[in-house]
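Note sheet for the following structure.
The sequence lines fix the lettering, A, B, ..., with proteins before strands; numbering per chain opens at 1. What you see below is based on every heavy atom in this structure, not just the backbone, and it leaves out hydrogens, waters and symmetry mates.
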2 protein chains.
Amino acid sequence: MRPIQFVAKTAGVSVATVSRVLNNSPLVKESTRKKVMETIKALEYEPNSLGRELRRAETRRIMVLTPSLVFPIMADVYKGIQDVAQKNGYQVLVCASEDDHDKEEELLQMLKKKIVDGVIIVASTLSAEELDQLAKDYSIVQCSEYEQVQHAYSVSVDNEQAAFDAVSHLLSLGHRRIAMVKGGNAKSSSAAREQGYRRALESAGIEVRQEWIRESDYEYQNGYDLAVEWLQAAEHPTAIFCSSDATAIGCVNGAISLGKSVPDDVAVVGFDDTVESLMSRPPITTIRQPKYDLGRAAMEALLQSLRGEAGKNKTILLPHEIVIRESTAKRSR
Amino acid sequence: MRPIQFVAKTAGVSVATVSRVLNNSPLVKESTRKKVMETIKALEYEPNSLGRELRRAETRRIMVLTPSLVFPIMADVYKGIQDVAQKNGYQVLVCASEDDHDKEEELLQMLKKKIVDGVIIVASTLSAEELDQLAKDYSIVQCSEYEQVQHAYSVSVDNEQAAFDAVSHLLSLGHRRIAMVKGGNAKSSSAAREQGYRRALESAGIEVRQEWIRESDYEYQNGYDLAVEWLQAAEHPTAIFCSSDATAIGCVNGAISLGKSVPDDVAVVGFDDTVESLMSRPPITTIRQPKYDLGRAAMEALLQSLRGEAGKNKTILLPHEIVIRESTAKRSR
DNA sequence: GTGAAAGCGCTAACAG
DNA sequence: CTGTTAGCGCTTTCAC
């Protein structure tokens, strides 16, 4: 790769002029611009970003930190981020931490080392303190999972209300014995959803049973096993609310493996409205998050923060929606 | 962020010494090293990578180019890449092109602009010529989908043989009317798999029917629609071989929606052995690719190429395996 | 409008 | 073993 000097020499101008052309500076004579443009093209010159970035102390690159590439809402969130980023001249890098705290810290070093200008965290193992500390010095926005911190933006849905709505739907169908498969306790959404579940039951005058609240890793097998366990007990739930669609499908298949029918013997509600919810037989009733819009909003918040237009401590909550499909149905009684 | 000079001054040494400490040079007195280390820690100094990279003309970063984050084998391939990369001090960035050729070209500029040292392409819209041209100047390895080119490594499975095996399995079960849902024609694997399908049928003395070979986008709905279309025809296939698990589940559900039973009325085989293949009722028989190992092998090839240890024009084929589940079964006749 | 020159933060030759 | 110094490729004053 040839440096800018080479272009300058070939075009018979100074590096400064080439740089100006490169950056669309208005103070270059049209004829000069043209001449330079032509040599750039002829030489197939590509400016080395490292030089520019070092000089400007900005990379126009941001990172999305996710536990896994298959994190349920990730693909659509990414599209939202990507679209806004592209429109603003930013490049998006995705890094998966596999929920490894050390790996996360290493990746976040990219902020300090100036490899990226900002980070969107979809979910992490970082504590509120760690996060807030980092957000003091760098642009960080949390998207989906979030800790209550002072210095970072957060974009999410109202998980408490979403769970409340899901359980209310089940209650309206006549269910009284409703179990919940929640996400990992480390996730902030997990507590919020449990709270929504409790509030719904309590406002219907139903006692919450501790044995019907279980933790999971959002995976299929987990739901399967829990459904089998619950449904084999003497007194079993007639409905299960899950924190992910994969878990919900697990519950459906677990129930079916026991000869039960869905939704007649047991109704199931999922979360996220991912493609899998349609693959299940019966298809899964689920809570739809505005995944793409979450991504957009997160990137927009990050841009604000990057530009220093801070309106700090902002938590943006986007509306969710319950999508009713055949895994829940009217209960006769 | 304070520069290395600041550390040097505070520690009472030269920048060169600090740099040496940073890079574990053996030629630093132990006591000096210790002193420098301490000031680094005290100052919370983080070296700016941009400076280092500009100087070294290498970033120790590589990019994985994928059409989408949910590309079926992506998550596991990534893990394989990531593990090898980490062990060798490389950072991995994932970029999704959404199958947009312009976006891909823009992302590949990251090579020319020295933002990454090399690229692993999981699948792209690039032609063999474009790819080969790029691979002349940069380190590129194709993983999974690949074009036959001279200058890039390729790591994949033998798609022709895999399809042959899948169809042979169906033939051994007594099926004679076997349809195929192939991937997009742009994908190289698509042609190879079709060839394997044809070879299997021909070697069993069965005529290939053009109307039973259809293209798809690997998605669920596609499989569903095709199954419905085929199975409603007067003479319909008794088995369908799909190029993805999602499509296969679509076929299963499409068949079921018509009141058919799987595998008795129609057997279905998928491809990739993704988690969804287990979620389906019945679970899907599928071709398992060594996804994680493909990722490892790709990263290892990339490292070789980066080190200039070229043994060029290498195509590495890893073994696949057929995983038999309930979506195919012995046919009585 | 254009050029000369300084310097972003770092590493590596070269001296000592 | 350590320090001095010259760039890596670029942008951006400051002159002209």
Who pairs with Glu130(B) by side chain to side chain donor-acceptor pair (under 3.5 Å), at least two apart in sequence or on another chain? His101(B), Ser127(B)
Can you pull out the residues from residues 31-52 of chain A that lie within a 4.0 Å heavy-atom distance of DNA chain D? Tyr45(A), Pro47(A), Asn48(A), Gly51(A), Arg52(A)
Closest nucleotide of DNA chain D for Val15(B) versus for Pro26(B): which of these residues is on the 5' side? Pro26(B)
Could you tabulate the donor-acceptor pairs under 3.5 Å formed by side-chain atoms of residues 64-71 of chain A, not counting sequence neighbours?
residue: Thr66(A); atom: OG1; partner: Ser68(A); partner atom: N; Å: 3.3
residue: Thr66(A); atom: OG1; partner: Ser68(A); partner atom: O; Å: 2.9
residue: Ser68(A); atom: OG; partner: Val70(A); partner atom: N; Å: 2.9

Here the pair of heavy atoms bringing Ile140(B) nearest to Leu111(B) is CD1-CD1, 4.2 Å
Please report the distance, rounded to the nearest Å, between CG in Asn24(B) and P in dA12(C). 13 Å
In whole angstroms, how far is the C1' atom of dC10(C) from the NZ atom of Lys113(A)? 13 Å
Students often get this wrong, so: under 4.0 angstrom with heavy atoms, is Ala16(A) touching a base, only sugar-phosphate, or nothing? base
pair Val15(B)-Lys9(B): side-chain heavy atoms closer than 4.5 Å: no
Among the candidates dG3(C), dT2(C), dA12(C), find the nucleotide nearest to the side-chain atoms of Val13(A). dG3(C)
Between dG9(C) (C1') and Arg2(B) (CZ): distance, integer Å: 15 Å
Side-chain touch Val119(A)/Leu302(A), heavy atoms, less than 4.5 angstrom: no
Could you work out, with side-chain contact (heavy atoms from CB on, under 4.5 Å) as the rule, every residue matching Ala57(A), not counting sequence neighbours? none
Can you list everything that forms a side chain to side chain donor-acceptor pair (under 3.5 Å) with Asn24(B)? Sequence neighbours excluded, please. none
Provide the start and end nucleotides, 5' to 3', of the part of DNA chain D that has atoms under 4.0 Å from heavy atoms of chain A. dG9(D) to dT13(D)
Starting at the 5' end of DNA chain C, which residue's closest nucleotide do you reach first, Val18(B) or Thr17(A)? Thr17(A)
Between P on dG9(C) and CD on Glu58(A), what's the gap in Å once rounded to a whole number? 15 Å
Inter- and intrachain pairs under side chain to side chain donor-acceptor pair (under 3.5 Å), touching residues 45-56 of chain B, at least two apart: Asn23(B)-Arg56(B), Glu53(B)-Arg61(B)
In whole angstroms, how far is the C1' atom of dC10(C) from the CG atom of Asn23(B)? 9 Å
Interatomic distance, Arg60(B) CZ vs dT11(C) C1' [rounded to whole Å]: 15 Å
Where do Val157(A) and Leu317(A) land on the side-chain contact (heavy atoms from CB on, under 4.5 Å) test, with the steps shown first? CA-CA 5 Å; Val157(A) 293; Leu317(A) 257 28; 5.9 Å; no
Contacts under 3.5 Å, N or O only, protein and nucleotides 14-16 of chain C:
none

Rounded off to whole Å, could you give me the NZ-to-P distance for the Lys9(A) and dG3(C) pair? 14 Å
Who are the side chain to side chain donor-acceptor pair (under 3.5 Å) partners of Glu145(B), not counting sequence neighbours? Ser188(B), Ser189(B)
Any carboxylate oxygen within less than 4.0 angstrom of a Lys/Arg side-chain nitrogen, looking at Glu58(A) and Arg60(A)? yes
Distance check needed: dC10(C) C1' versus Leu22(B) CG, whole Å only. 9 Å
Angle between the two end axes of the helix from dG1(C)-dC16(D) to dG16(C)-dC1(D), five base pairs per end, rounded to 10 degrees? 40°
Please enumerate all residues that pass side chain to side chain donor-acceptor pair (under 3.5 Å) together with Asp76(A), with sequence neighbours excluded. none
Among Gln142(A), Glu300(A), Gln304(A), the one residue meeting side-chain hydrogen bond (donor to acceptor under 3.5 Å, both in side chains) with Tyr153(A): Gln304(A)
Among dG7(C), dG1(C), dG3(C), find the nucleotide with the atom closest to the side chain of Arg55(A). dG7(C)
Would you list the atom pairs, donor with acceptor, under 3.5 Å between side chains in residues 29-43 of chain B and any protein atom, with sequence neighbours excluded?
residue: Arg33(B); atom: NH2; partner: Ser25(B); partner atom: O; Å: 2.8
residue: Thr39(B); atom: OG1; partner: Lys35(B); partner atom: O; Å: 3.0
residue: Thr39(B); atom: OG1; partner: Val36(B); partner atom: O; Å: 2.8

